[in-house]
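All values below were derived from every heavy atom in this structure, side-chain atoms included, with hydrogens, water molecules and symmetry-related copies excluded. Order of the sequence lines sets the chain letters (A, B, ...), proteins ahead of strands, with each chain counted from 1.
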Amino acid sequence: MLDLKLIRDDPEAVRASQRARQEDPGLVDEVLAADERRRAAIVTFERARAEQKELGRQVAQAQGDEKAALLARTKALSAEVKAADADQAEAGAAFAAAMGRLSNVTEPGVPAGGEEDYTVLEHVGQPREFDFTALDHLELGQRLGAIDTERGAKVSGARFYYLTGVGAQLQLAMLNLAMSQALAAGFVPVVPPVLVKPDAMEGTGFLAQAAENVYHLPEEDLYLVGTSEVPLAAFHMDEVLDAGSLPLRYAGWSTCFRKEAGSYGKDTRGILRVHQFDKIEMFSYVDPADAAAEHLRLLAWEKEMLAKVELPYRVIDVAAGDLGGSAARKYDCEAWVPTQGRYRELTSTSNCTTFQARRLRIRLRDGEGTRPLATLNGTLATTRWIVAILENHQQADGSVVVPAALRPYLGGQEVLKPVTT
RNA sequence: GGAGGCGUCGCCUAGUCCGGUCUAUGGCGCCGCACUGCUAAUGCGGUUUGGGGCUUCAACCCCAUCGGGAGUUCAAAUCUCCCCGCCUCCGCCA
């Protein structure tokens, strides 16, 4: 949710942001009109209500005929108050609905346009030259006895898989490495719930743009989270945090669930795009003035992790139209996937400024009073990284060299060897 | 799944039976002022959150807010219903 004051004071800035996102700039004027209607309804209601209360005080003290006369008046007034209240509630709901559809204002410098309009900020490392025919991650994973998509499909359907043997070990090693790094950086490790109530899912903004990708359990009215960003953001929902306690940094370890609706036929091979995966997610609560700097810190931690697994990658500044509605800016790190001949997203860090905190009613308290704080999130490792690790570190015999940083978490193994030929 | 108890503006708490100056009591904590070599103690005042009016700001005024929602009523912390959470006991269970 945006700051209403900003929309009133500088509606053109919000319209410009909407245009850059390829969303409707007219929504701004809809919000302003709805706000006026709402405020007028509030005034009408409050005036009637104040009169009702005043008369109520008189009724309490009056006796006999005087009381009967007052009651005649207050009865009529009661109906008036009820109608005004309903009108106010309706105007308020319409306003909230319009506000809810407005996306966050993008940060200056964010490239305008859609998915293909990103800016490449830098390349780190060189894609490797192979003097043999590189195998893709699934082929490698099967030879290593690490990935079993056939049984995944048998038991759970398409886009499900088993990680077995060194595959399971590799994932645990990578996530543990990520968690160790987060811990060293001062993050509070968290294992959160992955089923959340509508309030949490809605507050984090995932029932708006990403609703079609969210699993829902209708019987309990609970949602399966697509990222631990949801329970980490909702952790402090409805709270006022002391300014002195910021920044608060959490590292969540969770399984993530995504329906992947609308991606039929895309990335169907292997474990690049799946319904269920595991992830270490960083989440920060900071003073709004510190948000942009924190965003760069999250990016730096992601790069530190990518360096540890020795992958070539590039960093992109995601275009406005490809941002989530809550994000003001997003940086993705994309690793080179040799058999695809292109870069694929491994991490994503978003600065949600005060947008998400407003929806979740999370504020900070300092000497000045209370005001919304800023929230940010970023990926530290996910199951998908296995794709890039296997492919980039494969050898001609189908074995895979383990990056040095991972070895301590893999019982010292230096090379993962095929179990079949 | 069943039975019972509980939920009050940071924390604790009065009020709920029997609806009406509840404009929610008191204590603790915190902030300010006074007194004071300093500290402590004492005294006085302030201290939920959100919204609206008026506005340069502040002050001021108003409305809502007693776990959440709906209802009854001229009037709800108080009465009724539904939901949520916590505690105790029973049942069941990986």
Mapping V240(A) and L4(A) to their closest nucleotides on RNA chain B, which lands nearer the 5' end? V240(A)
Who does [N] pair with, Watson-Crick or G-U, both distances under 3.5 Å?
{"N": "C17(B)", "answer": "none"}
{"N": "G37(B)", "answer": "none"}
{"N": "C89(B)", "answer": "G2(B)"}
{"N": "U80(B)", "answer": "A70(B)"}
{"N": "G32(B)", "answer": "C44(B)"}
{"N": "C57(B)", "answer": "none"}

Protein-nucleotide distance ([X], atom [atom1]; [N], atom [atom2]), rounded to Å:
{"X": "I42(A)", "N": "G50(B)", "atom1": "CD1", "atom2": "P", "answer": "15 Å"}
{"X": "K5(A)", "N": "G51(B)", "atom1": "NZ", "atom2": "C1'", "answer": "14 Å"}
{"X": "D238(A)", "N": "G85(B)", "atom1": "CG", "atom2": "P", "answer": "15 Å"}
{"X": "D199(A)", "N": "G85(B)", "atom1": "CG", "atom2": "P", "answer": "13 Å"}
{"X": "R358(A)", "N": "U49(B)", "atom1": "CZ", "atom2": "P", "answer": "17 Å"}
{"X": "D9(A)", "N": "U55(B)", "atom1": "CG", "atom2": "C1'", "answer": "14 Å"}
{"X": "D221(A)", "N": "G85(B)", "atom1": "CG", "atom2": "P", "answer": "12 Å"}
{"X": "L241(A)", "N": "U49(B)", "atom1": "CG", "atom2": "C1'", "answer": "15 Å"}

If we ignore angles and hydrogens, is there a donor and acceptor under 3.5 Å between the side chains of N104(A) and T353(A)? yes
In whole Å, what separates the [atom1] atom of [N] from that of [M]?
{"N": "A14(B)", "M": "C6(B)", "atom1": "P", "value": "12 Å"}
{"N": "C81(B)", "M": "A3(B)", "atom1": "P", "value": "14 Å"}
{"N": "C12(B)", "M": "G67(B)", "atom1": "P", "value": "13 Å"}
{"N": "G29(B)", "M": "U21(B)", "atom1": "C1'", "value": "30 Å"}
{"N": "A24(B)", "M": "U80(B)", "atom1": "P", "value": "24 Å"}
{"N": "G85(B)", "M": "G68(B)", "atom1": "P", "value": "15 Å"}
{"N": "C28(B)", "M": "G45(B)", "atom1": "P", "value": "15 Å"}
{"N": "C87(B)", "M": "C33(B)", "atom1": "C1'", "value": "45 Å"}

Respond yes when some side-chain nitrogen or oxygen of [X] is under 4.0 Å from OP1 or OP2 of [N], and no when none is.
{"X": "R73(A)", "N": "C74(B)", "answer": "no"}
{"X": "T370(A)", "N": "G50(B)", "answer": "yes"}
{"X": "S78(A)", "N": "A75(B)", "answer": "yes"}
{"X": "Q52(A)", "N": "A75(B)", "answer": "yes"}
{"X": "R363(A)", "N": "G50(B)", "answer": "yes"}

Is the ring centre of F235(A) less than 6.0 Å from the ring centre of Y250(A)? yes
Counting the benzene-type ring for Trp, do H236(A) and Y285(A) have ring centres under 6.0 Å apart? yes
Does the distance from a Lys or Arg side-chain N to an Asp or Glu carboxylate O, for D221(A) and K197(A), drop under 4.0 Å? no
Could you check whether D35(A) pairs with R8(A) (Lys NZ or Arg NE/NH1/NH2 to Asp/Glu carboxylate O, under 4.0 Å)? yes
Nearest to side-chain heavy atoms of R8(A), which nucleotide of C74(B), G52(B), G50(B): G52(B)
Identify which nucleotide among G52(B), G50(B), C84(B) has an atom closest to any side-chain atom of K197(A), counting heavy atoms from C-beta outward. C84(B)
State whether the number of non-hydrogen atoms from other residues, nucleotides or ligands found under 6.0 Å of R15(A) atom CZ is greater than 12. yes
Is the backbone N or O of G226(A) less than 3.5 Å from a side-chain atom of R258(A), with the two atoms forming a donor-acceptor pair by type? yes
Using the test salt bridge (Lys or Arg N to Asp or Glu O under 4.0 Å), find all partners of D287(A) that sit at least two apart in sequence or belong to another chain. R371(A)
Identify which one of T383(A), V166(A), N176(A) satisfies the side chain to side chain contact (heavy atoms under 4.5 Å, CB included) criterion when paired with Q171(A). T383(A)
Base-contact (B) and sugar-phosphate-only (S) positions in nucleotides 62-70 of chain B, heavy-atom cut-off under 4.0 Å, - elsewhere: BBS------
